[in-house]
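First comes the structure, then the notes that go with it.
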Amino acid sequence: MQDWFDLAKKMDSLVLEAAATAGLEDTFTADIRTADPRFGDLQANGALPYAKRNKANPRQIGQSIVDLLEKNEDLTSKVEITLSGPGFINFKFKADFLQDWLKTFSGSEQLKKAAAHLQENETVVVDYSSPNTAKQMHIGHLRSLIIGESICKLLAFCGAKVIRDNHIGDWGTAYGRLFYAYKRFLDEENLEANPLGELERLYKLGSKLATEDEEVVKESREELVKLQSEDPEAMALWEQVNGHSIDGIKRVYELFDISFDHYLGESFYRNMVEQVYKELEESGLGEESEGAWVVFHPEHKRYATQPFMYRKSDGASNYATTDLATMLYRAEHFKASSIIIETDFRQKDHFEQLELTTQKWFEKTGRTFPKFSHVFHGTIMGENGKAMASRTGEPVLLKDLIAESIERAEKIVREKNDEKIAKGQAALAEEEIVAAAKVIGTSSIRYAELSQNRTSDYVFAWDKLLSFEGNTAPYLLYAATRIKSIFRNFEAADLENLADKASNIETDEELALARKILGFVGVLQQTVETLRPHLLCTYLFELAGAYSSFYNANKVIVPEADIQSRRLMLCQRTLDVLETGLGLLGIPTLERM
RNA sequence: GCGGUAGUAGCUCAGCUGGAUAGAGCAACGGAUUUCUAAUCCGUGGGUCGGGGGUUCAAGUCCCUCCUACCGUGCCA
C-alpha cells in the first residue's frame with residue numbers, strides 16, 4: 001500500500017508497463033491527470049496523441065492497455081477501469097481502496113514522511129524578501145515575503161534542504177545621502193523607537209537636500225567614496241545603520257513569524273567582485289562597450305543587443321556584479337542544487353540575463369550550474385487600478401497593514417461572540433478573542449496573497465481581504481475549528497485507531513470528501529513543481545467545501561459506533577490535511593473562533 | 001521600435017501546460033436551523049473566453065495578426 005501514496009505516479013507506472021507489454025513504442029506517455037468527477041478520479045489520455053503519431057485508432061490503443069490492466073487483480077480490486085470517448089482511460093477508485101488509503105496515510109507525520117521523497121537530496125537556496133535597508137517595509141514588499149516563505153515550507157515538507165537567504169540591498173548608492181543626513185539631523189530617540197522610520201526619514205531628508213544644494217551632493221558622494229574604500233569611520237557608521245535597519249526589518253518578520261537563516265546582503269559580496277571581473281574577462285564572455293564591461297548573448301533575440309552590464313564605466317560594480325558573485329557563492333559554499341529568487345516581475349530581464357551569463361560562465365570554468373528559477377509576482381494594485389498606495393501617495397507600511405487587519409478581525413470576532421452569548425452558547429474568553437483576531441488578521445493577509453496566481457497583478461481591497469466568506473482564510477479556519485469542536489466531545493483514547501472500528505464509507509458526501517483528501521498529494525506535487533501556492537489554496541478551499549457539505553448532511557456523533565468511527569476518521573484525516581496544507585501557507589489553526 | 005505579463009459571468013478570480021457539456025466565490029433570487037460552532041449548506045439565473053484568421057480528431061490553452069492595460073528595454077536595484 002505504501003507505494004500508493006502518490007496515486008498519479010503509481011497509475012503512470014502501471015499504464016506505462018501495460019503499454020510496453022502491449023507492444024507500444026517507448027514514445028508512449030500515460031499523460032495521467034485528475035479527471036472530471038463524472039468520469040472518475042484519474043484519467044490517462046496518452047492513447048490519443050500516440051495513436052495520432054502512429055496513425056492508429058486511439059480506441060484500439062486504449063483498449064489494448066485496458067485489457068492488460070484488467071488482468072492485474074490487485075489493480076482491479078482497487079480501481080474501476082473504463083475506456084470512453086475517443087480513447088480516454090478512466091480510473092475510479094473503489095470505496096474499499098479509499099478506506100485503505102485513509103487508514104494507511106493517517107496523521108500529518110505520515111503525510112510528511114510519505115511526501116519527503118518528492119524533493120529528497122535537493123539543496124535549495126531561496127532568496128526572498130530582500131528589501132533595501134534604510135527603508136521601511138511596505139505593501140510592495142509583501143508578496144515576495146509571503147510567497148517566498150510558503151515556497152520554503154513547501155520545499156522543506158517535500159524533503160529538500162532549504163536555506164533561507166535574505167539578500168538585502170545594503171551596499172547601494174543611497175548610503176552617501178543617508179550618511180550626510182545621519183551625521184547632521186539624527187533623532188536618537190526616534191532611532192531607538194522606530195529605527196527604520198528614522199533611517200527612512202534621514203534618507204529622504206538627505207535626498208531632498210541633495211536636489212536643492214550642490215554642496216550636499218558633493219559631500220554625499222564623498223561619504224559614499226569613503227564607505228566603498230572601507231574607511232574605518234564610515235564602516236563603523238555603516239555597521240551601526242545596518243544593524244538598526246535589520247532590527248527594524250526583523251520586527252516586521254516577527255509579525256508574520258518568519259525568520260531567515262542568513263542575511264547575506266550585497267555588502268557581503270563586495271570583495272568577490274574582482275574575481276567576477278577577472279573570470280568573465282578571461283573566459284571571453286565579458287567585453288568593453290561604451291566604457292563599461294558587459295555581456296551580450298548573440299543567440300538571444302533581445303540580449304544580443306541589450307547588454308548585461310556588470311561593471312560601470314567609472315569602474316564601480318553594480319547589482320549584476322554582486323548577483324553574479326552571489327550565484328557563485330550559493331553554488332560553491334552552500335552546494336545548492338537549486339537556486340530560487342523571488343522578486344517583482346519587473347526584474348525578469350535582469351534575472352534572465354543573470355541566468356544565461358552564469359550558465360556560460362560556469363560552463364567555461366568547469367563548474368556545475370544549479371537549477372535556477374526566478375519566481376516572479378505581479379503588482380498589488382489599488383482600487384483605482386494603479387499600484388497600491390495610501391491616501392498621501394506613500395505606500396502602506398506593512399506594520400500598519402497588519403495592525404489594521406487584526407483590528408478589523410477583532411471587531412468581527414467580538415460581534416460573533418456577542419451572538420454566541422445571546423444564543424446561550426459557550427463564549428470565548430478575552431484572551432481567546434485577542435489570539436483569534438491575531439491569527440485571523442495575519443492569516444487573511446497571507447491567504448489573500450497566496451490564493452492569487454502570483455504572476456498576475458491583483459486588486460487589493462479591504463473588504464475582500466477581510467471578507468469572511470468564499471475562498472478566504474477565515475473560511476478554512478472555521479472548517480478546522482468545527483472539526484476540533486466535534487473532537488472536544490471525546491476523550492483522546494476514543495479517537496485512536498478509528499479506522500479499525502469504522503464501517504465502510506458509503507454516503508455521497510463521505511465518498512466525495514474521501515476522494516478530495518486523496519487528491520492532496522497530486523496538488524502538493526503540482527504546487528512544488530510550478531512554485532505556485534495558489535494551487536494548494538484552491539485545493540484547500542475545495543477540501544473545506546467538501547467537508548462542510550459532509551458536515552451538513554452527515555451527523556458525526558450518532559448511536560451506531562461503526563458509523564461514528566468512520567465519520568470521526570474522516571474528520572481526523574480532513575483536519576490532518578487542512579492543518580498540513582495551511583501550515584505550508586504559514587497559517588496556524590484555531591481551537592475556537 | 002523590440003520584448004514581457006495580462007484581457008474568461010455584473011465584480012474578484014480558477015482553469016492542472018492541447019482533452020470530454022468553460023468552473024468557483026461575491027453580488028441577485030429561492031430554500032434548509034429544537035446546531036456535533038449557520039463565519040455553514042442545498043438550489044436557480046448569469047459566457048461571442050478582447051476581435052479576426054490559422055493549425056487538428058480536439059483550442060480559453062499553440063501559431064499569425066490587430067485592439068486595450070501595466071511593465072522592461074546601457075551606467076538605480
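The chains referred to below are lettered A, B, ... by the order of the sequence lines, with proteins before strands, and numbering in each begins at 1.
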At under 4.0 Å between heavy atoms, what does [X] touch on the DNA or RNA strands: base, sugar-phosphate, or nothing?
{"X": "A:F376", "value": "nothing"}
{"X": "A:D170", "value": "nothing"}
{"X": "A:N453", "value": "sugar-phosphate"}
{"X": "A:V294", "value": "base"}
{"X": "A:S289", "value": "base"}
{"X": "A:S548", "value": "sugar-phosphate"}
{"X": "A:S549", "value": "sugar-phosphate"}
{"X": "A:Q353", "value": "nothing"}
{"X": "A:Q43", "value": "base"}
{"X": "A:R592", "value": "base"}
{"X": "A:D344", "value": "nothing"}
{"X": "A:N318", "value": "sugar-phosphate"}
{"X": "A:E290", "value": "base"}
{"X": "A:H534", "value": "sugar-phosphate"}

Out of [options], whichever nucleotide has its closest atom nearest the side chain of [X]:
{"X": "A:F541", "options": "B:rC36, B:rA24, B:rG15", "result": "B:rA24"}
{"X": "A:K416", "options": "B:rA20, B:rG4, B:rA39", "result": "B:rA39"}
{"X": "A:A292", "options": "B:rU40, B:rA20, B:rC75", "result": "B:rC75"}
{"X": "A:V459", "options": "B:rC76, B:rU40, B:rC13", "result": "B:rC13"}
{"X": "A:I412", "options": "B:rC13, B:rA77, B:rA39", "result": "B:rA39"}
{"X": "A:Y458", "options": "B:rC75, B:rC13, B:rA39", "result": "B:rC13"}
{"X": "A:T455", "options": "B:rU17, B:rU40, B:rA6", "result": "B:rA6"}
{"X": "A:R346", "options": "B:rA39, B:rG72, B:rA20", "result": "B:rG72"}

Watson-Crick or G-U wobble mate for [N], both contacts under 3.5 Å:
{"N": "B:rG72", "value": "B:rC2"}
{"N": "B:rU40", "value": "B:rA32"}
{"N": "B:rC57", "value": "B:rG19"}

Indicate yes or no for a side-chain donor-acceptor contact from [X] to the backbone of [Y] under 3.5 Å, with no hydrogens or angles considered.
{"X": "A:R567", "Y": "A:K555", "answer": "yes"}
{"X": "A:N90", "Y": "A:T82", "answer": "no"}
{"X": "A:H377", "Y": "A:T343", "answer": "yes"}
{"X": "A:S150", "Y": "A:I147", "answer": "no"}
{"X": "A:Q353", "Y": "A:Q306", "answer": "yes"}

If I take atom [atom1] in residue [X] and atom [atom2] in nucleotide [N], what distance separates them, rounded to the nearest angstrom?
{"X": "A:L224", "N": "B:rC76", "atom1": "CG", "atom2": "P", "value": "11 Å"}
{"X": "A:Y447", "N": "B:rA14", "atom1": "OH", "atom2": "P", "value": "12 Å"}
{"X": "A:N554", "N": "B:rA32", "atom1": "CG", "atom2": "P", "value": "20 Å"}
{"X": "A:N552", "N": "B:rA39", "atom1": "CG", "atom2": "C1'", "value": "13 Å"}

Its contact letters, B for base, S for sugar-phosphate only and - for none at protein heavy atoms under 4.0 Å, make nucleotides 56-68 of chain B read SB-----------

Between A:Q306 and A:R33, whichever has its closest RNA chain B nucleotide further toward 5' is A:R33

RNA chain B: A:S451 or A:G169, which has the more 5' nearest nucleotide?
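Result of the comparison: A:S451.
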
Do A:C571 and A:V556 come within less than 4.5 Å of each other through their side chains, counting heavy atoms only?
yes

Quiz question: going by heavy-atom distance under 3.5 Å, is there a donor-acceptor pair between the base of B:rA77 and the side chain of A:Y319?
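Present.
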
Side-chain-base donor-acceptor pair under 3.5 Å for A:T472 and B:rG25
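Looking at the base of B:rG25, it does not pair with any donor or acceptor on the side chain of A:T472 (distance under 3.5 Å).
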
Taking syn as a glycosidic torsion within 90° of 0 and anything else as anti, which one is B:rU17?
syn

Between A:F88 and A:F39, ring centroids under 6.0 Å
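No, ring centres 6.0 Å or more apart.
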
Given the side-chain rings of A:F490 and A:F487, with only the six-membered ring counted for Trp, is the space between their centroids under 6.0 Å?
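They do not qualify: ring centres at least 6.0 Å apart.
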
Verify the contact: side-chain N or O of A:K348 to OP1 or OP2 of B:rG72, cut-off strictly under 4.0 Å; return yes or no.
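No.
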
Side chains of A:N242 and A:Y175: donor-acceptor distance under 3.5 Å anywhere?
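Side-chain D/A pair, A:N242 to A:Y175: present.
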
Does B:rA20 have A:F39 stacked on its base, where the ring centres are within less than 5.5 Å and the planes differ by under 30°?
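Stacking between A:F39 and B:rA20: present.
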
